[in-house]
Every structure is written in structure tokens, then in C-alpha cells.
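Along the sequence shown, residues carry numbers from 1.
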Amino acid sequence: MVRKYFYAFLVFFSITVKAQIDAAFLKKIKSSVTETISFGKNDFKSDSQFWTMIEDNDGVLIFGNNSGILIFDGEYWKSISLPNKSSVRSLLIDENGVIWVGGYNEIGNLKKDEFGNYYYKSLIDQLHLNNINFENTWKIHSINNKIVIRTFKELIVIMGKSVTHIKANQAFTYSAVANGNLIVQDAENGIYLLNKNGDKLIFNISSKDFNNSLITASLPINNEEFFLVTSDGYVYLANLNSKTIIKQKELFEKGHIDPINCGIQKNDSTLLLGTLSSKIIELKKNGAVNKTNISFNKVKNTAILNFYKLKSNNIWVLQNNGISCLDFNSQYSNIFDFASVYDILIDNQTIYIATNEGVYYLNKFENFNYQLNKIEDLPGQTWSLTKVEDEIIIGHNDGIFVFKNNILKRIDGRTGFWKITPIKGKKNSFLASSYNGLFLIEKEKSNWVLKHPINGFEESTRDILPSDDPNTYWVCHGYKGVYRLVINAEYTRVESVEHFTTNNGFKSPFNINVVNYNGKIVFTTNNGIYTFNKKTKTFIPDKTLNSILNPSKNTRKLLYTKNRTWFVQDDEPGYFNNNNVKEIIKAPFSNLKGTFNEGMECIVPNNNYAFFGTKDGMFLYDIHKFNNQKTFTSFSNVIYTKGNQKQFAPINSSKNIELPNNSDILRFEFSAPKIAPYSQMQYSYFLEGLDDNWSSWSTNPFKEYTKLSRGQYVFKVKSKSNTGINGKEISYTFTVLPAWYQTNLAYLLYILLFCSIAFMIYKLIMKKIENEKRKTRLETLKDQKLIKLELEQLKLSIEKKKITEDNNHLELDLIDKSKELANYTLLLSKRKEAFLELSNDLKQLKDIVKNNESKNKIIQIFKKLNQNSIGDKYLEIFDVNFERVHLNFFKNLKQIDSSFSQRELRLCALIKMNLTNKEISHILNISDRGVETARYRIRKKLNLSSSESLSLFLENLTINAND
């Protein structure tokens, strides 16, 4: 049992020995290496010579270069030209947040409008400087509520609306605020102080006291003293109160002067000086100088024109060709970036690095500097570094090597070794893992000997781990699964080989690694973490680790330490605290994602520090700095476009933002100024009113929407850096106005129009209904009329039939009556004639009779005959009866010709009755000739031609009249 625990301790020690590093040493390393971010012309698209810069209250960086003003919010570069297109040599943001700009014969303010755009406002007219040639403004200061602008010719002191000009004796070559005073160097006389009223310079130190040199930097030491650095490399200690200046340091050897252009205080103990060709020199307050800090080698251009220190204590370096930022707040340092790193070993404050180009080592971290060396005669791929006593064993593509006291020695001549593994119970005996099997390697006294290959297994053994059982080892192959080897006691051959693949619990044989996790052997795979069940000889999921680490991801590295468990999952590193397994920390290491050497992931942790070996080199992370700090995200611009026209929307307005309806594209541009320049940013956004969820994280610092419909929206955006810093969520509320046809007035008109149309439709429908009703009524009436008409027609038909019958009967009756009337008339005519004849005979008889009595008797008879004689009254009766039979006959004739006589009318009636002339003559008591004559007269009155029948005309006369 003791032996088992000892072996477990030995295994644990062999795994964690690299992590036992002095924390103070790591802190020294971290503070010695500064991350440098550089920007060139391709980034800012402007002139590359920079003179000055400031940081505004939002963290936006504002630079002055030969093209004018350059603004950088961490994502977007924007340039502003001065009215005369001059360079900008000086910038200042005063205590009120007002930004002052100085150019060639130009002074003004940089302001920001409600749209988030900066613009320049010249003060030349306001300060009455129109006709003054003051040339370049080299420096602007804010002191005692005054703005002091230095040119070569004069100081321009601005207090409110008043301007004071203080002329130089020769030229003002330097100015700075030191210990509460504005010091100004006059090239002829020396150092002056500006009095409290700002209207006079007071002489303080003669230029002869500092060899008439040009001052380029002043750096405070204490409340009374400060360093003055001259361009020729001399450092002086000055005291304004005592008006003394003492030479302290000479930075360069004689004949090797590199002009000092500028200086700035890095921290309480260190000053940085910018040179013309030596980049940056560190000057300690104790006088120590460091010219070879390797961190500053990443500053690309050697000519340093100026420095600027941010509120975060990061320092920007303004160069003759570009700009760089010294990031002292970075959570990590890229200590080594010359090759891909596969293993790291720290021994006696020296860091050894196994790379694809050999072995490098870093040592001597004193004085904030370190030296980078390489083991000579060992080029090419190095896989591992193992410390055995005072020697370092190197696993290399060309074999196994021993490095001791800067001497490299090769063990045997065989090639292709991964690493060595100590053998339990065999002191100074190790397994050497090669590309095609295992070898026994031993240390005999002071010499290492590669004894022999262990026969029976010829697969690659890069991933090997001792089992709990004696002489038993787990070997994982990247493509073939897992092997369990049992080696004989002499370590000459493999006695048994068990091969485990998908038949034994694994879902796939690929990418399996074996790890000793806190004394327990586990296997990491593409589908989770497994342990081995000895009874069933199968691999089962480890519930504990799979509940912590996502089993759907490939855990390629798993490293247990005292406080934390480190891992690499799907090429993304992280850790969780062993006493708080619910919180997975990955965000601070996001920049390392995708940079590891697959299968050879390298993590060397120690307390609150961790080394990472990647394809991009070696990184050291300070976990002390990992926190959930939040900085703000801000909108750079909100832009909407219609066609080719671009318009800006307000971003600094308390009013409700209203955007037109007809915008083609709405673009939101955003940034995180305080962290974006120093770390890769990602953004997630959400448009309330359109989107359902937050977007996935993206490095694009903008979002565009097309053709947004009318309505109110809230655009939200949040940010995070690849080192775990989160930007606070911000929002932008706006309203897309309705089109003219979507306004309330339009809707009111629509409602009125709809109501009007509805009313019209209603009216039309009602009218149609009424028409239909009327039509129905008309049709009903028509039908009724038709029915009635049909009935009437039927009735009329019946009546007509009856009338016809009656008419026929009447006609027959009329004919009969006419005949009767004719006969009666004719009879009367004949009786009259008979009476006449009888009367004539009685007259003759009277004359013949002689007897009186007979005569008397005859006379009596004659009287009786006269009393009963037939006169013309029968004709009157005839007229009446004829008129009854032939209605309006006489009237119609009168209408034709009113001159008809009664006799003629009777003649016409008799002709109509088809009586012959002779019969007519008897009735009318005229001769036949008289009848003919009378007929002729009637024809003339009737306008009848000779061919027309009078009888037919008179017969039709009553019919036509009736029609």
C-alpha cells in the first residue's frame, strides 16, 4: 500500500513539477514584459509622422500628425483637417474637458456634435490673431485657469476672452509643468517661470548651467526636484526653489550621442526617454539606465517623437513612422514569439522552451530585462523537456539529448523520441517513448545509456501513462485507440498487449488521451471523459468530469493542480477552481483559441500565473488581473442612407430620435474605446422590435438593417474582449417615422375615405337593394299587369269573342234591320204609291160617278184615305232608324262636306243600303234621272273619281269612322 501511494506521488510529482515555480520570479517576469500594439499607415490611412495626442473623457484617442487631427475610438479612425491644412503639433484637454488644438498659424477647439462627429472650430478671429504670424504652436498647457500656448516666437496666454502675448528673447524651445509651475526654456537665456498672473516670465536658471543644451524632457522626482533631460543625453537634477541645477547622468558615451526627443514618467520609479535611433531608454530615479529592454524592441520605428500617458497608465509612443502603445495592464505577456512552443520547463529562474526550431532559454530577469539564448547544435523539432536532478533531458526529432552546464550531449544515435517516463521501483531507469515503440534508458553514474528496445510493441508511444498495476502502461494512439501494455520485470519485452477501440465503450478511436487526474486515470475523447472498468474491461463515462466539462467537446488537455484544474477543449483553454467546479473560466484566454499544437497542448500553471505554449510562442498570464470588470461600450455613429446620400442620426440627444421611413440602410457603429485598442473586441447586438434573440458574438464593430418598417425600436449592444473584459450594455431608442401614407392624418383620411366608400357602397347597395326591390315590385307589378293584362286579354278575348259574336250578331241584326228598314221603306214607298194610285182612282171614280151619294161616299173614302195617307214622315222615321243602325253616318258625311242636304244624306243612306235607283226614286219620289243627277253631285262632294265606287265608299264610311 505504501508503495502504491509512493508511486502515485511520483507520478503526480512528475506531472506537476513544472508548475512549482517561484511566484516572485513569475511576477518579475510578468512585470518585465510589456505588450506592444503598433499601428501603421495601413491602419489609420493618414500621414505617419505623429507629434502629439490626448485622451478625451470617453477614452477616445486624439492624435496630431502632419495631416491634421486623427481620432481613434478603438475601432474607427477618423481624420479632420484644419482650415489651412496644416499639421497639428499640440493638443490639450483642460480640466473642463475642452480640447485645444494648435497648428501652423491656427488655434482652435475640437468639439463633438450631437451626431457623435468631431469638428474643428477655429479661434483665430475670437482671439484676434488674424494678422499675426506665430507659426507652429508646439505645446499647449493648462495652468492656474489659463491656457498657455507656446510657439517659437512667443507665449500666447488665454484667460477667458483676454489674450496676453509674451515675446521670446530668441526662441522658446521647451515648456512643461513642473512642481506646479510652468517652466519655459528660452534658447538664449535659460529657464523661466510664468508668474501667477500669466503676464510675465521670471528668470530662474541660466542656460550656462546646463551647457546651453536643448531641454527635451522634465520628470518629477519629488515636490521640489525634477530631472531635466537634454537632447544630447545629459540628465540634470533641478530645483526651482533654490534655482539650482546639477548634472546627474550622462546617457551616452562620448561620440555615440543619440538625441533625446522626449520623456515621460512610466511609474513612481521609472522614466522613459524617446530617442532618435535607440528607441526607448529606461531611466530609474536612482540613476540606473536600461537601454536594452526587450519589450521595447516591438516598437517598430526607432525615431520616437513624443509620449502620452493614459489614465490607465498605458503609454502611447508617437513615432516618426507610426504609433505604438505600451500596454502595462495586459493580463498576459507574449514572452517568446520566435517559434511554435511544445513544452516549457522552468529551472532555477531560467525558462527552457521546446520549439519546432530547437530549444531556447530565457534567464537573467534582473533590472527589468532578460536575455534570450538558444542551445547550439540542436536545430529542428523538440518535443519535451524533463528535469532529472541537475540535468535536462530533451526529447527531439533527432534523438534524446542531455543538457547540463550549457553543454549538449546526445544519448545514443537513434532518432525520433517523444519523452522519457520514470519506471516505478527502478531508480535511474526510464522508458523512452519513440515514434515506433519503447526503449529502456538508464543513468549509470554520470552517463545516460539507451539500453535496448522493448520488443513486442512498435506503435508510437507519445501519450503514455503508468497504470496502477505493476509494469503496466496505458498508451493512446491518435488514430488507433488505446493500448494496455504489460512489460516483463526486466523491461526487455512486452508480455501482453490489449487493444481497446469502439468495441470497448469508446464511440470513436480517434483523439484519445490518457491523464492522471488527481490520482485517477481518465481518458479524454471527442465525446467526453472516460474511466476504465477493470471487471468488465470497458470504458465508461466519468460522471463527475462530464458534468463539469461539456462531453460534446474534445477535451485534449486535462491538468490537475492544487487549486485549479486546467483544460483545453476544442482548442480553447480554461480552468475551474477545484472548490467551485460550477464556474468555468475561459474568457481571459480567448485570444489563445486555435493557437495550440494539437495533441501537444502545453500549460504550465503556478498559483496565480500560467504559461501557455502555442504556435504563436509562449504566453504568461497573470490570473490576479482576471476579474469581471466592466467598461463602457459607446456608439461611434448612427447612419442612415437613402440611395447614395448618407445622413447621421443624433447619438448625444435627450430628444426622441426620429428616423425617416424611406431609409434604405440603417447602420450602427460602436466601439469600446478604453479596451478596444489593446484587445480584440467582440460585439453582440439585439434590435428590440425586430430580433428575437441576441446575435452571436462578432468582431464586426457595426450592424446594418435594411428597410425597417415604421415603429419604435431599441437597439442594444454589448461587448467583450478576448481577455475577459466585458463592456456594459448600451441602448439606442429610436422611432422610424411612418411614410406620409402611414401618418395619423393619413389614417384619419383613410378612415374617412373608408367610411365614405363604405357609406357610398352602403348607399349603392341600398340603392341597388331599393332598385332590386323596385325592380322586383315593377316585375311583380309587371307580372301582375301581365297577369292582369293576360286576364284582361283573356277577358277581352272572351269579350272580343263575345263582341265579335255580338258584332256578328249585330251585323247580322244590322243587316237584317237594314234589310227590314229597306224593305219597310220600300214597302212604305209602294204603299204611298198605292195610296196615290188609289187616290187617283178615287178622283177618277168621283168624276165618273154621278150619284151624289156615291160621290159622297167616294168623298168620304177619299177623306179617310187622306187621313191615313203616307207622307214624308216615314222618311224622317227612316233617318232616325238608319242613324241608329249606322251610327254617325250622316255626321261623318257632314264632316266631309257640310253642304250635304237632307235629301242627299237620305240618298247616301239608300245607296249604302244597296237599293237600286228605281227603288230610290220611289222612296224619294224623284225620277230615275233625278237619282242619277243626285248621285253625281254626291260624288263631286266626296271627291270621288270616276273609277271609285260610291256604294263601296259609303259602305266603308261607317267602318272607317269606327276605327
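Counting only distance, with no hydrogens or angles, the side chain of D113 and the backbone of F115 share a donor-acceptor pair below 3.5 Å. The backbone N or O of F900 lies less than 3.5 Å from a partner atom in the side chain of K894, making a donor-acceptor pair. A donor-acceptor pair is defined here as one N or O able to donate and one able to accept, closer than 3.5 Å; such a pair exists between the side chain of S949 and the backbone of L952. Panel note: side chain T735, backbone E658; no donor-acceptor pair is recorded below 3.5 Å. Looking at S67, its side chain never comes within 3.5 Å of a backbone N or O of S46 through a donor-acceptor pair. In this structure a side-chain-to-backbone donor-acceptor pair under 3.5 Å is missing from K85 to L82. Distance alone, capped at 3.5 Å, is enough to place a donor-acceptor pair between the N661 side chain and the L737 backbone. Of the possible polar contacts, none joining the K674 side chain to the G59 backbone as a donor-acceptor pair under 3.5 Å is found. Under a 3.5 Å cut-off, the side chain of N96 and the backbone N or O of V98 do not form any donor-acceptor pair.
The environment of F754 atom CZ is sparse: at most 12 non-hydrogen atoms of other residues, nucleotides or ligands sit within 6.0 angstrom. The environment of NZ in K707 is crowded: more than 12 heavy-atom neighbours from other residues, nucleotides or ligands sit within 6.0 Å. More than 12 heavy atoms of other residues, nucleotides or ligands lie within 6.0 Å of NZ in K45, so this atom counts as buried by the packing criterion. At most 12 heavy atoms of other shown residues, nucleotides or ligands fall within 6.0 angstrom of atom OH in Y762. Counted within 6.0 Å of OH on Y750, heavy atoms from surrounding residues, nucleotides or ligands total more than 12; the atom is thus considered enclosed.
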Problem - Residues Y705, D691; criterion side chain to side chain donor-acceptor pair (under 3.5 Å); working and verdict - result: CA-CA 11 Å; Y705 294 93; D691 298 332; 3.1 Å; yes

Handout entry: side-chain contact (heavy atoms from CB on, under 4.5 Å) evaluation trace for F702 with Y76
Key = CA-CA 10 Å; F702 65 89; Y76 298 95; 3.4 Å; yes

Handout entry: Verdict with reasoning, T641 to D664, per side chain to side chain donor-acceptor pair (under 3.5 Å)
Key = CA-CA 6 Å; T641 59; D664 293 328; 5.5 Å; no

Practice task
Report the C-alpha separation of K703 and L687 in whole Å, then their side-chain angles, then the decisive distance to 0.1 Å, and conclude whether the side-chain contact (heavy atoms from CB on, under 4.5 Å) test is met.
Solution key: CA-CA 10 Å; K703 174 58 179 174; L687 183 59; over 6 Å; no

Practice task
Report the C-alpha distance between S695 and S684 in whole Å, list the side-chain angles of each, state the deciding distance to 0.1 Å, and finish with yes or no for side-chain contact (heavy atoms from CB on, under 4.5 Å).
Solution key: CA-CA 5 Å; S695 70; S684 179; 3.6 Å; yes

Practice task
Give the C-alpha distance, both sets of side-chain angles, the deciding distance and a yes or no for side chain to side chain donor-acceptor pair (under 3.5 Å) between K646 and N637.
Solution key: CA-CA 12 Å; K646 182 169 70 173; N637 284 120; over 6 Å; no

Exercise for the section: Using the side-chain contact (heavy atoms from CB on, under 4.5 Å) rule, take D47 and L70 through it: C-alpha gap first, then chi angles, then the decisive distance, then the call. Expected result: CA-CA 10 Å; D47 190 87; L70 203 61; over 6 Å; no

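With sequence neighbours excluded, no residue forms a side chain to side chain donor-acceptor pair (under 3.5 Å) with S731. Evaluation of the salt bridge (Lys or Arg N to Asp or Glu O under 4.0 Å) rule for E770 yields R777 as partners, not counting sequence neighbours. Scored by the salt bridge (Lys or Arg N to Asp or Glu O under 4.0 Å) test, K112 finds D58 as partners (sequence neighbours excluded).
Contact annotation: the side chain of R939 never approaches that of F953 to less than 4.5 Å [non-hydrogen atoms, C-beta and beyond]. Between C908 and I938, some side-chain heavy-atom pair lies under the 4.5 Å cut-off. At a threshold of 4.5 Å between non-hydrogen side-chain atoms, the residues K716 and E688 count as touching. Between R935 and S951, some side-chain heavy-atom pair lies under the 4.5 Å cut-off. Two residues are said to be in side-chain contact when any heavy atoms from C-beta on lie closer than 4.5 Å; L954 and F889 meet this criterion. Using a 4.5 Å heavy-atom threshold, the side chains of T733 and I657 count as separate. Counting heavy atoms from C-beta on, the side chains of L907 and V931 come closer than 4.5 Å. P83 is listed as a side-chain neighbour of E106, based on a closest heavy-atom distance under 4.5 Å.
Listed here is the closest heavy atom pair of F686 and N693: CD1-O, 3.4 Å. Between R710 and Y747, the shortest heavy-atom contact is NH1-OH, 3.9 Å. Shortest non-hydrogen contact noted between A649 and L659 is CB-CD2, 3.6 Å. Of all heavy-atom pairs spanning S671 and T633, the tightest one is O-CG2, 3.3 Å. Between K78 and S636, the shortest heavy-atom distance links the atoms NZ-O, 3.8 Å. Summarising the geometry of I926 relative to G930, their closest heavy-atom pair is CD1-C, 3.9 Å, with the distance given to 0.1 Å.
The distance between the ring centers of Y683 and F668 does not fall below 6.0 angstrom.
Taken to the nearest 0.5 Å, the CD1 atom of I896 stands 11.5 Å off from the OG atom of S898. The CZ atom of F648 sits 12.5 Å away from the CD atom of E114 when rounded to the nearest 0.5 Å. Here the CD atom belonging to E948 is positioned 9.5 Å from the CG atom belonging to N943, to the nearest 0.5 angstrom. Note that NZ of K728 is 11.5 Å distant from CG of N726, once rounded to the nearest 0.5 Å. With rounding to the nearest 0.5 Å, the separation of CD1 in I765 from CG in N771 is 12.5 Å. Remark: Q126 CD to I107 CD1 distance equals 11.5 Å, nearest 0.5 Å.
Geometrically, K642 does not engage Y640 in a cation-pi contact, judged by NZ or CZ lying under 6.0 Å from the ring centre and within 45° of the ring axis.
None of N117, L61, D56, L110 except one satisfies the side chain to side chain contact (heavy atoms under 4.5 Å, CB included) rule with I71; the exception is L110.
Classification of the F734-Y732 ring pair by plane angle, with boundaries at 30° and 60°, yields tilted.
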